[in-house]
Amino acid sequence: YITCDAMLMQDSPRKIIDGLLIMRHALKADKCIIAIEDNKKAAHTMLVNVLRNDEAEIISIIQVPTIYPAGGEKQVIKVVTGKEVPSHGLPVDVGVVCHNVGTAAAIADAILSNQPLIERYVTVTGDAVKRPRNLNVLCGTPIESLLKECEGVNVQQCIMGGPMMGFELNDKSIPVIKTTNCILTSNEKYQAPTSMPCIRCGECAKVCPAQLVPQQLYWYSHAQDFDKVQDYNLFDCIECGCCAYVCPSHIPLVQYYRFAKTEIWAQERDKQKSDAARERHEFRLYRMERKKAEDEERKRRKKELLKATAGEKTTEQDKKKAAIEAAMARVKAKREQQDAEAKNVNVENLTEAQKSASAEVEQRRAKARKKQQSNLEDGKKESGSS
């Protein structure tokens, strides 16, 4: 079925080696390994032939058993290096980075030829095509164009991917994308057998490459107990389909796992949105409380400032009032002194002219005292109003 990578290794072996060296430089890797299934003899020979002597010291090209799904990332790492990627972990956690040969070729095109990823090899095969083969096609090419090129006849079913992990296409006008590796056709519409209750035979657990317990994953996925299903390492499932293939009850186990994963991801997204909304709400409350505290502090300072200003004004008014009272006291004392002196003056034996002059002087003095008293009262009123 899927031989697009084998064809790439036969047609562009040097490009793959160049891309691998670029990745090694970027990752600062000590050693590189190219693992090829032992039934791809031509691909292995082509890669070995283009490998230079100085490159052979850092690049090893080995063959691995052709056992499905040995091509999976975690599985091939286990076979090649003996290291096991931990649950919920990544290959880098054990000091390994795993890439496909198609990725290496795309990197070489991008760096050495300045060419973006616009094309790829696609395997077109199955019972409904007369000329099954590998095609180098542009991304965006409709699937129906590939079927026409391979002389597809009476295509009843079309699957993107392999027979175990592929997805059925209901519309043949769907375009080729960068992950389209195979178009599998059939001239008969496959009808899935009716599923029956699980008999707990354990066959699914025997064939699981990730060493999970598929039947428990099925029970909790079916019951939508998404917390419990994660306790059995649901996300370590690579959806290879081995469990569903050997199930005597024909239960579509992988479909349940995909459903559970999708629901968990949706719940996680909802939780993230809820957390973000809660954080925004809490920050809004914090801003409001902070503004309220700042307003209260500003009012308190303003009140203290007004009180201090009012105290200063009161002190100034008291000083003015005391100065006016002191002036009035001095005027009163002076007037009393003048009156006493006037009484001591001998007014006896005065002529009529002297008496008349004295009376005029007294009148002028009385007017002056009255005017001075009026001015002092007016000044006191103005001080009190200010």
Side-chain angles (χ1 to χ4, degrees), residues 1-3 37 39 65-76 78 87 123-129 132 143 147 152-172 174 179-267:
Y1 290 117
I2 306 177
T3 57
E37 292 177 330
N39 65 343
T66 308
I67 302 174
Y68 181 82
E73 183 179 56
K74 294 183 178 180
Q75 286 68 39
V76 74
K78 176 69 173 178
S87 178
T123 300
V124 183
T125 185
D127 300 333
V129 293
I143 300 297
L147 298 176
V153 179
N154 191 26
V155 179
Q156 296 296 320
Q157 189 173 34
C158 189
I159 296 174
M160 181 185 293
M164 299 290 282
M165 300 178 66
F167 293 87
E168 183 177 0
L169 302 179
N170 295 320
D171 186 358
K172 297 181 181 61
I174 292 175
T179 57
T180 303
N181 57 355
C182 178
I183 302 299
L184 183 60
T185 64
S186 175
N187 51 21
E188 294 181 3
K189 187 71 174 178
Y190 173 75
Q191 296 293 334
T194 304
S195 61
M196 295 178 290
C198 174
I199 61 175
R200 292 186 177 272
C201 62
E203 291 297 321
C204 53
K206 293 179 182 179
V207 299
C208 179
Q211 299 179 354
L212 302 177
V213 187
Q215 60 183 9
Q216 293 299 115
L217 294 175
Y218 160 69
W219 288 118
Y220 292 121
S221 298
H222 185 271
Q224 299 187 20
D225 190 346
F226 301 124
D227 292 331
K228 199 70 176 179
V229 76
Q230 293 183 75
D231 295 339
Y232 284 86
N233 302 318
L234 170 68
F235 288 96
D236 284 343
C237 172
I238 62 174
E239 302 177 14
C240 63
C242 291
C243 53
Y245 184 78
V246 301
C247 179
S249 296
H250 306 294
I251 300 174
L253 298 171
V254 177
Q255 305 302 325
Y256 282 99
Y257 306 154
R258 288 173 178 166
F259 162 74
K261 289 179 180 179
T262 303
E263 290 298 314
I264 292 171
W265 287 328
Q267 290 181 3

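These numbers come from the heavy atoms of this one structure, side chains and all, not from hydrogens, waters or symmetry mates. For clarity, every value in this text was computed on a predicted model and none was experimentally measured.
- In this view, Pro197 satisfies the side chain to side chain contact (heavy atoms under 4.5 Å, CB included) rule with no residue, not counting sequence neighbours.
- Side-chain contact between Phe259 and Gln224 is present, with heavy atoms from C-beta onward closer than 4.5 Å.
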What side-chain donor-acceptor pairs closer than 3.5 Å can you find for residues 158-165, not counting sequence neighbours?
none

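- Using a 4.5 Å heavy-atom cutoff, the side chains of Thr125 and Leu184 are in contact.
- Residues Cys198 and Ser249 approach most closely at CA-OG, 4.2 Å, considering heavy atoms.
- Heavy atoms of other residues, nucleotides or ligands lying less than 6.0 angstrom from CZ of Phe226 number more than 12.
- Taken from CD1 in Ile143 to OG1 in Thr185, the straight-line distance is 11.5 Å, to the nearest 0.5 Å.
- Side-chain contact check for Ile251 versus Tyr256: some heavy-atom pair is nearer than 4.5 Å.
- In this structure, Leu212 CG and Cys237 SG are separated by 6.5 Å, a value rounded to the nearest 0.5 Å.
- Smallest separation of non-hydrogen atoms from Gly241 and Val254: CA-CG2, 3.6 Å.
- For residues 186-195, the side chain to side chain donor-acceptor pair (under 3.5 Å) pairs, not counting sequence neighbours, are Glu168-Lys189.
- Atom CG of Leu253 sits about 9.0 Å away from atom CG of Leu217, to the nearest 0.5 Å.
- Between Tyr232 atom OH and Leu234 atom CG the span is 13.0 Å, to the nearest 0.5 Å.
- Of all non-hydrogen atoms in Val155 and Ala128, the two that sit nearest each other are CG2-CB, 3.7 Å.
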| side chain to side chain contact (heavy atoms under 4.5 Å, CB included) between Tyr257 and Cys243, intermediate numbers included | CA-CA 11 Å; Tyr257 306 154; Cys243 53; 3.9 Å; yes
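- Distance check: Asp127 CG to Gln156 CD gives 12.0 Å after rounding to the nearest 0.5 Å.
- Here side chain to side chain donor-acceptor pair (under 3.5 Å) pairs that include residues 197-217, with residues two or more places apart or in two chains, are Arg200-Gln216, Glu203-Lys206.
- Looking at every heavy atom in both residues, Leu147 comes nearest to Lys172 through CD1-CD, 3.8 Å.
- The shortest heavy-atom contact between Ser87 and Asn233 is OG-OD1, 3.4 Å.
- Listed by chain and number, the residues in a ring-ring contact (aromatic ring centres under 6.0 Å, His included) with Phe235 are Trp265 (sequence neighbours excluded).
- Sorted by first and then second residue, the salt bridge (Lys or Arg N to Asp or Glu O under 4.0 Å) pairs with a member in residues 232-253 read Lys74-Asp236, Glu239-Arg258, Glu239-Lys261; sequence neighbours excluded.
- Under the 3.5 Å distance criterion, the side-chain polar atoms of Tyr68 are matched with a main-chain donor or acceptor of Cys240.
- For Leu169 against Ile174, the heavy-atom pair with the smallest separation is CD2-CD1, 4.0 Å.
- In this structure, Gln267 CD and Thr262 OG1 are separated by 11.5 Å, a value rounded to the nearest 0.5 Å.
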